[in-house]
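This report concerns only the one structure given below.
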Amino acid sequence: MNPVDTKPIERSATDELLQLAETWREPPGFWGWFRCVHHQTIGKRYIVTAFIFFLLGGILAALMRMQLIRPENRFLGPDLYNQIFTMHGTTMMFLFAVPMMFEALAVYLVPLMVGTRNIAFPRLNAYSYYLYLFGAIMVWVALLTNTGPDAGWFSYVPLSGPGFAPGKRVDFWAQMITFTEVSALAVAVEIVVTVFKLRAPGMSLNRLPMMVWAETIVSFLVIFAMPAIMLSSSMLILDRLVSTHFFNPAEGGDALLYQHLFWFFGHPEVYIIFIPGLGIVSTIVATFSRRHIFGYMVLVLSLIATGFLGFGVWVHHMFATGIAGMGRSFFSAASMMISIPTTVQIFCWLATLWGGKLNIKLPLLWIFGFFFVLVMGGLTGVMLGVIPVDIQVHDTYFVVAHFHYVLIGGAVFPLFGGFYYWFPKITGRMLNHTLGNWHFWLFSIGFNMTFFPMHSLGLKGMPRRIYTYQPEMGWTTLNRIATFGAGLMFIAVLLFLINVFWSRRRGVVAGENPWGAGTLEWATSSPPPPYNFVELPTVNGREAVWDAAPNQPVVRGLRTDMREVLATNVLDADPDHKELMPEPTIWPFLAALATTFLFIASIFTPWGLVWGLFPVAVTMTGWFWPKGKDKVNQEIVEAEDAARA
Amino acid sequence: MLQGLERPSERPSLDISDLKHTAFGIRSLVWWGTFGLIVIEGTMFAIVVASYFYLRTRTTEWPPGVANPTLWPGTVNLLIFLASAVPNQWLKRSAEQLNLGAVRIGLLIVSLVAVLNLAIRIFEFPALQCKWDTNAYGSVVWTLLGLHTIHLLTDAYDTWVLTALMFFGPIQRKRFVDVSENADYWWFVVLTWIPIYLVIYWVPRWL
Amino acid sequence: MKHSAFSNLGSFLLGGNHSVTSPASPQAHQINGIWWLMFWVCGAAFVLTMLSMAGAIWRRRKAIEVDHARDSRRAAFVALASGIVVVVLFVFLVASAVGMKKTEYIETRNALTIQIIGHQWWWEIIYNDPVPSQIVTTANEIHVPVGKPVLILTSSRDVIHSFWAPNLNGKRDLIPGYQTAFWIQADHPGVYRGQCAEFCGHQHAHMGFEVIADPAGKYEQWKAAQILPAKEPEDDVKRHGREVFLSHPCVMCHTIRGTDAGSRVGPDLTHLASRGTIAAGTLKNTTGNLAGWIMNSQSIKPGNHMPSMSLQPDDLQALLAYLGSLQ
Amino acid sequence: MTDVQTFRNGRTIAHLWTGILAGPLAWALDEGMSYVLVPHACSTGHYYVLHVMTALCLLIPAAAFLLAWRMYVITPPSSTEDGGDAGSRSHFMAIIGMASSALFFLAIIAEAIPRFILNPCD
C-alpha cells in the first residue's frame, strides 16, 4: 500500500471480462430462479414452456384423431371431445403459437440481433413470463379437473354465454385470455422499445435484420389487435358473472358484436403467428444461400403491408352470417389483396435461392418444406376469400386443412428450421443431422397425410367440430388416413425431443458461427455470455457480420461493474445516452402472483376484483420503489454525470 | 468479423464514455414505454366506443327505455380535468428542469386533483340513470365509464406513490423522468375523457 | 382403364351424397364452376412455384459462387410474376362478386317461403302461408318442389347454428336475434342431405336434415297431407298408445295436432311416421330405432334435451304403434 | 443538394412517415367507411356516396406517393439503399413510401370493384 501511488491499477482485459460476467450473472440457487431478469433466461423459459404446451396440444390432437378414426366411435364422448378440441385450439393459439413465435423468439433473439446487452424493461419481461405461465397452468388444471372450456377456441356467444354454458368452464377460458394477452402486450412494448432505442450504432432503420423487422411489426399488431380480444373476453365474462347484456339480443345486445370483436383480433392473430415465421424464412434463406437477401425493401414493405391489411379482412370469418352482401365483398377484396405481399415475398426468396450458393442443411430443408406447405395453404386461403366458395366450405374440414397448412406451414415449419438454426447458438452444440433428417421427412409426410385428406373431407361435406360421423357419409377412409398421418407426426416430434436431449450434451460443439451467418447473434460465443457481447458491436451493413469493415469499431465506454446499456436514437441508431438495467429482483414474480390472485379470484366473485387490487398495488409499488443495488448504482452514475458536467 | 472475444483492445472504438444517463421525452426508454401503453389503452377505449355505436344500430330508441344521463357530475369532472392540465404541464416542465421544489408542489396539486376527480366520479355512476344489468346500453356505458375510472385510479395511485417518493425516497434524476412520464399519462387520462364524456353524456341526446 | 382409375380417385376424394362438387341446383352449379376455375388456376400456380423452387435447388446446390450479376433479370421476373398474380386476383374478385349476385340474390315473386328455426339439436321447419290454417310445421325434413326457387328465412331459438345442404347452396348461419333470407332450388327430384355447420354444443355432430325434392304434384300431395291434424287411432292398442303419450313427459315437449299435446320445445310429431329419419337425421325411422330412441335417447345422442324414458313393455309397444300410425 | 442534417429534423421525418403510412390509413378509412355507408346508400338510394368516398380516399395515397417521391428526389446522391447515414435511411424510407402508396392505391381500387357489380341493397 504505497500512499504515493495514486494511479489506478491498470486492469487487464481478463479482469474486465470477469467483472462483466459477475455483473450480469444470473442469481444462483432455487430462490435465484425467481429473480432472473435477463432476456436470455426469460427467453429460454418461454421457449421451453411454449414447447411443452405444443406437446400437450399435440396430445389433445392425437386424442381427437383417435376418436375420429371410425364412425360412431365411443372412445371420447361429446362432452370430453368438446373440451379437448377447445383446449387443442386454445393451447395451440394462445399457449403455444403466440408465446413461441412472438414472445419466446423475440425476447431471446431481438436483443442479440440488435446488439445490446438486455431487453428494455427486463422486469416487465419477467412479469410477463410468469403471467403467461400461471394463466396456462390455470386453464390446464381446469381441463384436468373436467372443467375445461368447451365452446371452441373462439367461444362464440350465446353458446359460451350464461344461458348455454353454465359452470366455470368458459370463465377459465376468458380469464386465460386476459393472462396471456397482458403478457403478450407487455412483450410487445418491450420489443418496440428495444428495437427503437437499443440498437447497435450504425444499425439504421434500413439495416434492421429481417427477423427484427418481423418481430417489430408483430409487436405493433399485438398492440392494436390484443385489446379487442381482451375486451370481448371481458364482456363475455361480465355477461356471465354480473349479468351485463352485451351479447343478449333480448336486452339490446348482439351476438355478432362478439364475432366482430373476436375476429378483429383473430385475423391479425394469424399474422402475429405467421410474420415471425416469415422473418425466420428470410434469415435462413439468406444464410444458406450465402448471400444478402434479394429484395430487402420489398420484403420490408410486404411485412408492413401485411400488418395493415391483416386488420381489414376479419369479416371473411363471418361470410356465412348474412351480413349485407356488398359489405362482405369489401372484405373479400381485402382478403385477395393480402395475398399479394406474401406472394411477392415468396418470389423474393426464390430469387435469393436462384442467386445463391446453396448450403443444404437441416434449417434450409425445413424452409423447402415451408414453401410446399405454405404455398398450398395460401392458395386455399385465396379460395376462401372468394365468397361463393367460402360459404360452401366455411366451417368444414376444408377450412381445418387450410389453417393447418397456413399455421403449421407458416409457423411450425419455419420454427423447426429455426430450432435447428439457433439451437447451436442457444446451447453451444449442433443438433444431430441423421435424427434431424428423420424428423423432417416423417413430419412432412405425416403432416400431408393428416391434413391433405381434410381438404377432401371438407368438400365431401364434413363439418368441423363434430365428435363423430355416420358410416354412410363416406368419410371413414380419409379420416383413417388422417389419423395414421397424425401418428407419424407424433413419432417425428418424439425423435426431435430425443435429438434435443441427446445433442444438448453430446452434440458436435458449434463454435461461434457454425453456419457462417450474417446477423449479430452470431458475433458472440455460443451460448452467448450473460452480457451478450464482450464489447458492443457497431454495424456497417444489413448483415452485420458479413458487411463488417476489416477494422469495424466496437463500442467502448460502458461500465463493466454495472448493468449498463447504450441507448441510441430511433431512426439512425446514433449513440444517445446510457441506461442502467435493473439487477435481479423478486418483485416481478410477486407482482405476477398478486395479479394471478386477482384474475382467478374474480372468476369466483366480482369482489375479487376489488380485494385483489391491494396486493397488486403493494407489489407494484415494491417493484417501483428504488432500493438496493439499483438505487446505489443509479446514484453513482448520476454523481459521475454531474461531475463530468 | 466481429469476433475477437479476447482481444478487446486491438480494435478501433467508438467511445461513449461521455454520454449521460438521463434523457427526457422521445429520447428516453420510459417515454416509449408509456407511449406503447397509451396506444394500447387508447385502442381499448376506441373499441369500446365502437361497440357503443354498434349497439346503437341494433335498436331504434336511444337510450333504450331509460332516461338520459344527468349532466352535472361528468361536466364538473370535465372542467376539473381541463383545469388540471395547467398544473400538470407545469409539473412536467419542472421535472424536466430537475426543479425538486416545484415538482413536489406540482405532484401534490395533481394528487389532490385526482382525489377530487375520483370523488366526483362516485356521483357519475348513478348519473347514468341505469345499471349495468338494465340492458346492453347500460352495460356499455358502465364499461366505458368504469374503464376510464380504472385509468384514473391507476394514474392517481401512480401520482401518490411518486409524491411519496419525491418527499421521502431517494432523489435521483431518473425519478424526474418518471414524473415527466407520469404527467404524460395524466394528459392521456384528461384527453380521453373529452370523447368519452361526449359519448356517454351527449350522444344519447343527439342520436 | 386409366379413365376409370381417375374417376375412382375423383369420387374417393370428392364424391358422396353430401359433396360440394355434386351440385344439384343453379346456385351450387355456379359455386362449383368458380371452385373448379380456382382449382385449376391455383393448382397451376402451385406447380409453377414448386418447379421454380426445385429448379433453384437443382441448379444452385453445386454453384461455386453467389450470383449477383443476374439479380436485375430476377427482379424483372419477380415483377412480372407479381403482376400476373395481381391480375389473377382481380379476376377472382370479379368472379366472387358475380357469383354472389347469382347465388344469393334471386328476383322472384310468389316463391315458396320456408322458415327454418334452429334448436339444440334439431330443425324446426315452418311453411309460411297467409292463411293460418294452411301453415305446416314439421321437423328435420324439408320437402320442396323441383325447379322452383325456395326462399328460406333462418332464425334460431337458442345458440348459433348453420344451415347447409351442400348440393343446393352454401351455408347460412342461424343467429339468435337475426332473421336472414337465402335461396335454394333443386334441379332434380331426390333426397339431399344437410347438416348443421356451426358448432352448437354437445350434439352438433347429430344435427342433420334432409331436403326432399319432389315433382310439383307429389309435393302438393305431401303438403296437403301435412296440413291435416293427426290421424285418430283406429284400435285399442293405438288408443292406449295415445294415452301413454299424453300421460308421460312426451307431452311436455312435443306437439301432436288434434290432441292436447301442444308444446313446441321438441319437434312436431303430428306426421312423424311420414318422415324418413328420426333424431335429426341420426337414425332411420324404423320401429326398432324409434323404440331405442325413446328408451335410450341419452346413449344415442348423449347430452341431448330428450330424457331417456322408462316405459313398461306394453306401454312402449302401444306408443310405438300409435306413433307408427301418424302418417 | 440537401444537407444530411435535414433528414434528421422532425419535419422531414414526419414527411417520410406520412409517405409510408398515409396509403394504408386511407385504405383503412375507405374500407371502414364503405362498410358503414352501405346501409345508408341502400336506404337513401344515394349510391354515388360510395363512389365519391372512394375517389376521395384514392387522392390520399396519390398525394402520399408524390410526397415520398419528392423526398426521394432530395436525398443526397451519395445515399444508398443500405447506407448507415440519415440520407440513406431517408432514401430507403422514401422508396418504401412510394411503394406503399402504390400498393394501397391498388387495394382501394380492389375495394371499389364489387360496388360496380353488386347493389347496396342486396
Side-chain angles (χ1 to χ4, degrees), chain A residues 200-208 224 260 292-293 295-315 323-338 340-341 344 385 387 538-544 547 549 569-574, chain D residues 4 7-8 12-13 16-17 20-21 23-25 27-39 41-42 47 50 54 79-93 95-100 102-104 106-115 117-122:
Chain A
M203 191 185 275
S204 50
L205 195 69
N206 50 332
R207 286 174 168 179
L208 255 60
F224 288 108
H260 278 295
H292 286 72
I293 197 87
Y296 175 88
M297 283 218 206
V298 180
L299 293 171
V300 171
L301 174 72
S302 297
L303 293 184
I304 295 175
T306 309
F308 277 101
L309 288 163
F311 282 95
V313 299
W314 82 89
V315 172
I323 293 174
M326 191 190 267
R328 267 181 287 160
S329 68
F330 300 136
F331 292 87
S332 171
S335 307
M336 295 289 122
M337 289 299 109
I338 203 165
I340 296 174
V344 174
I387 295 173
T538 63
V539 172
N540 193 37
R542 282 178 184 155
E543 300 279 356
D547 299 338
N569 71 3
V570 177
L571 292 175
D572 297 315
D574 295 327
Chain D
V4 171
F7 296 100
R8 294 207 178 92
T12 320
I13 289 172
L16 287 163
W17 280 120
I20 296 173
L21 299 177
L25 293 178
W27 161 81
L29 181 74
D30 178 60
E31 190 187 45
M33 291 301 290
S34 303
Y35 186 59
V36 170
L37 284 177
V38 166
C42 172
Y47 301 165
L50 289 166
T54 297
S79 310
T80 58
E81 228 186 81
D82 58 355
D85 59 305
S88 296
R89 184 261 300 155
S90 305
H91 174 87
F92 169 83
M93 288 174 77
I95 296 177
I96 294 265
M98 290 192 285
S100 141
L103 180 65
F104 283 93
L106 193 69
I108 295 177
I109 290 180
E111 304 271 355
I113 286 178
R115 53 193 99 170
I117 300 170
L118 296 169
N119 180 315
C121 293
D122 279 347

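Being a predicted model, the structure only gives us computed values, none of them experimental. Lettering of chains follows the sequences in order, A, B, ..., and the numbering in each one begins at 1.
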D:His91 versus A:Asn206, side-chain donor and acceptor atoms under 3.5 Å: no

Does any heavy atom of chain D fall under 4.5 Å from the side chain of A:Asn540, the backbone, both, or neither of them? neither

Flag the one option from D:Asp82, D:Leu50, D:Thr80, D:Leu21 with the top tally of heavy-atom pairs under 4.5 Å to chain A. D:Asp82

Which atoms of D:Ile96 are under 4.5 Å from chain A, going by heavy atoms: the side chain, the backbone, both sets, or neither? both

Sequence neighbours left out, what passes side-chain contact (heavy atoms from CB on, under 4.5 Å) with D:Ala110? Give chain and number order. A:Ala333, A:Met337, C:Phe90, C:Leu93

When the 4.5 angstrom heavy-atom criterion is applied to D:Asp30 and chain A, the contacting part is neither

Heavy-atom contact with chain D under 4.5 Å, split by part of A:Tyr296: side chain

Using non-hydrogen atoms only, which part of D:Ala86 is less than 4.5 Å away from chain A: side chain, backbone, both, or neither? both

Any donor-acceptor pair under 3.5 Å linking the side-chain atoms of D:Ser34 with those of D:Arg115? yes

Side-chain atoms of residues 304-312 of chain A: list all donor-acceptor pairs with protein atoms under 3.5 Å, sequence neighbours left out, distances to 0.1 Å.
from: A:Thr306; atom 1: OG1; to: A:Ser302; atom 2: O; distance (Å): 2.6

Quick check against the 3.5 Å criterion: does A:Arg207 have a side-chain atom that pairs as donor or acceptor with the backbone of A:Gly202? yes

Give, as side chain, backbone, both or neither, the part of D:Ile13 having an atom under 4.5 angstrom from any heavy atom of chain A. side chain

Heavy-atom check, side chain of D:Arg8 versus side chain of A:Asp574, under 4.5 Å: yes

Under 4.5 Å heavy-atom distance to chain A, tell me which part of D:Ser90 shows up: side chain, backbone, both or neither. neither

Which bit of D:Ile113 is near chain A, if near means a heavy-atom gap under 4.5 Å: side chain, backbone, both or neither? neither

Polar side chain donor-acceptor pair, A:Asp572 to A:Ser204, under 3.5 angstrom: no

Residue from D:Gly83, D:Ala107, D:Cys121 scoring the most non-hydrogen pairs under 4.5 Å with chain A is D:Gly83

